[in-house]
Amino acid sequence: MLNKSIKARSRKPSTLAIHGLSRTPKAYYSVSTPIVQTSNYYFDSTTEVFEFMKAKSNGRVVREHEYGRYGNPTQQECERKLAAIEGAERAILFSTGMSAVILTLLAYMRRDGHIIFTSDCYRQTRDFATNTLAEFGIQVSLVDPTAEAIAKAIQPNTNIIFTESPTNPYLRVLDIPAIVKVAKRHNVLTFIDATLATPYNIKPLEMGVDIVIHSATKYLGGHNDLLAGVALGNHDLLNKLNRTQRMIGAIPDPFTCFLLERGLKTFALRMEHHNNTAMAVARMLEAHPKIEKVWYPGLKSHPDHKIAKQQMRGSGSVITFLVRGGDKETRTFIDSLEIFLITPSLGGSESLVTQMAMMSFFDYPEDYRHAIGMVDNLVRIALGLEDVEDLIADLKQALAKI
Ligand SMILES: Cc1ncc(COP(=O)(O)O)c(C=O)c1O
């Protein structure tokens with residue numbers, strides 16, 4: 001069996017996204033990864049079962065697969081490439097980004113422990129922190145998305161710091177080395193949901209973070225056609241998460257893994273396009289008289305622009321802004337867009353638009369919604385892969401309708 005090692009450490013993201021760190025043998029010498037659509041894997045004899053079990057109990061691997069919930073070759077190939085792109089020893093795939101977030105927290109949280117989250121974060125992560133974890137008696141603090149606020153919130157029982165970077169939707173970029181420094185001093189684990197950055201734009205593991213999480217539904221899949229999540233880190237630390245995953249089995253099916261791996265082949269190209277397009281659109285919006293304020297880490301006006309410049313290759317394709325006016329003007333603008341689709345999510349080939357208060361936070365009481373910044377004229381766009389001139393023209397014509 002061939003296992004040709006390419007000089008992987010010096011390879012760039014576009015090469016790693018296609019080949020991973022090495023060439024793995026494939027059935028029938030197929031160039032694309034076969035979809036191994038099976039729920040279980042047979043043994044030829046009871047002797048083979050015995051040898052398999054004996055080796056497993058001694059921590060050795062004589063063959064990889066046994067039962068679908070514990071892994072699948074298509075999934076494994078995808079995990080191998082994701083780990084290579086991230087520069088991680090190991091990747092564990094999940095059925096959604098949220099199952100990656102929640103199971104990672106469940107695997108490492110401690111009874112009587114305390115977890116720090118940032119106040120600006122994906123709505124379901126916020127709900128899990130403030131509702132579910134609280135019900136289990138886990139202490140939770142939601143703090144400003146800055147390293148200083150996180151440092152201040154550390155308690156003797158803190159064992160996890162969980163942040164996004166950039167955060168959703170205000171795109172706050174955290175000073176990751178500063179957070180890691182505080183965390184190491186207090187023996188606290190650091191988890192970063194870097195969905196909005198991707199490993200193309202940020203490398204949290206290189207900055208000392210323990211586990212990186214992505215919703216692979218977004219840029220990694222890249223085509224608005226699958227749901228998946230991934231957690232990445234070093235081998236020993238991820239053993240515990242792997243045990244939790246094997247029990248619960250929130251895994252993507254083989255076809256989803258095939259689609260995700262297929263999407264990865266254009267990952268670097270797509271991210272370069274996203275970064276460039278969004279920079280041009282953010283500049284246009286910032287200069288536009290119908291726009292009150294823009295949040296995009298690549299703009300000098302963003303509160304974390306300096307940190308973003310130090311830590312990120314580019315800022316991704318999500319832009320958040322306030323339309324001048326209120327609910328009426330915002331809805332007129334959104335309804336006038338011709339290319340953008342009104343839907344949540346981000347990172348795919350189609351450009352998307354969301355009025356945050358209406359789409360993601362509708363069921364929150366209005367006062368609370370406003371207090372956390374989800375005002376009626378707050379819009380988040382996620383640029384796709386369309387031509388930048390067409391996107392700018394579409395935004396301009398819709399703003400002219402207000
Ligand atoms: C930052 C972030 N994390 C996690 C998720 C959840 O991902 P999924 O929808 O794949 O569960 C999202 C979804 O939008 C997100 O934006």
Side-chain angles (χ1 to χ4, degrees), residues 78 82 86 91-106 117-130 132 142 145 161-174 176 191-202 204 209 211-232 245 248 250-253 256-257 259-260 263-264 274 278 295 297 312 315-320 341-348 350-356 358-362 372-374 378-384:
C78 202
L82 287 163
E86 189 74 61
I92 301 180
L93 268 171
F94 294 84
S95 52
T96 63
M98 276 318 291
S99 51
V101 168
I102 290 177
L103 292 178
T104 305
L105 286 166
L106 283 181
F117 292 86
T118 53
S119 51
D120 189 40
C121 70
Y122 179 55
R123 187 241 152 106
Q124 299 295 348
T125 302
R126 164 190 277 274
D127 282 0
F128 180 70
T130 52
T132 318
L142 257 67
I161 296 170
F162 183 103
T163 77
E164 292 170 8
S165 193
T167 60
N168 188 357
Y170 277 103
L171 307 172
R172 298 299 304 270
V173 182
L174 279 292
I176 295 175
F191 301 162
I192 300 262
D193 176 342
T195 298
L196 270 64
T198 81
Y200 191 78
N201 282 331
I202 206 167
V209 163
I211 297 181
V212 181
I213 294 167
H214 301 283
S215 164
T217 311
K218 317 296 185 210
Y219 296 105
L220 295 170
H223 294 78
N224 287 318
D225 59 4
L226 63 86
L227 290 164
V230 61
L232 306 108
Q245 168 69 315
I248 296 177
I251 45 167
D253 66 89
T256 299
C257 295
L259 284 180
L260 176 52
L264 289 181
H274 282 309
W295 286 265
M312 298 177 73
S315 296
S317 77
V318 176
I319 307 170
T320 305
L341 301 169
I342 305 172
T343 172
S345 206
L346 57 107
E350 294 81 7
S351 288
L352 314 178
V353 59
T354 310
Q355 185 181 8
M356 295 306 292
M358 169 117 67
M359 185 81 84
S360 300
F361 291 86
F362 189 74
I372 62 168
M374 300 306 140
L378 187 73
V379 175
R380 190 190 72 193
I381 54 173
L383 302 173

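Along the sequence shown, residues carry numbers from 1. Only a predicted model underlies this, so the values are computations on that prediction, with no experimental measurement involved. Atoms within a ligand are numbered from 1 in the order they appear, just like the ligands themselves.
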Quick one: look up the protein heavy atom nearest [atom] and list residue, atom name and how far away it is.
| atom | value |
| --- | --- |
| atom 6 (C) of ligand 1 | Tyr122 CE2, 3.5 Å |
| atom 16 (O) of ligand 1 | Asn168 ND2, 3.0 Å |
| atom 10 (O) of ligand 1 | Thr217 OG1, 2.6 Å |
| atom 11 (O) of ligand 1 | Met98 N, 2.8 Å |
| atom 7 (O) of ligand 1 | Ser215 OG, 3.0 Å |
| atom 2 (C) of ligand 1 | Asp193 OD2, 3.4 Å |
| atom 8 (P) of ligand 1 | Gly97 N, 3.4 Å |

Can you tell me if [X] and [Y] form a side-chain donor-acceptor pair at under 3.5 Å?
| X | Y | result |
| --- | --- | --- |
| Asp120 | Thr118 | no |
| His223 | Glu350 | no |
| Thr163 | Ser165 | no |
| Tyr122 | Thr195 | no |
| Thr256 | Asp253 | yes |

Quick note on ligand 1: atoms under 4.0 Å from a heavy atom of Thr96 include exactly 10 (O), 11 (O)
Could you tell me whether ligand 1 has any atom less than 4.0 Å away from a heavy atom of Lys218? yes
Looking only at heavy atoms, what is the nearest atom pair of Gln245 and Ala250, with distance? OE1-N, 3.2 Å
How does Gln124 reach ligand 1, if at all, at less than 4.0 Å between non-hydrogen atoms: by side chain, backbone, both, or neither? neither
Roughly how far apart are Thr96 OG1 and Leu226 CG, rounded to 0.5 Å? 11.5 Å
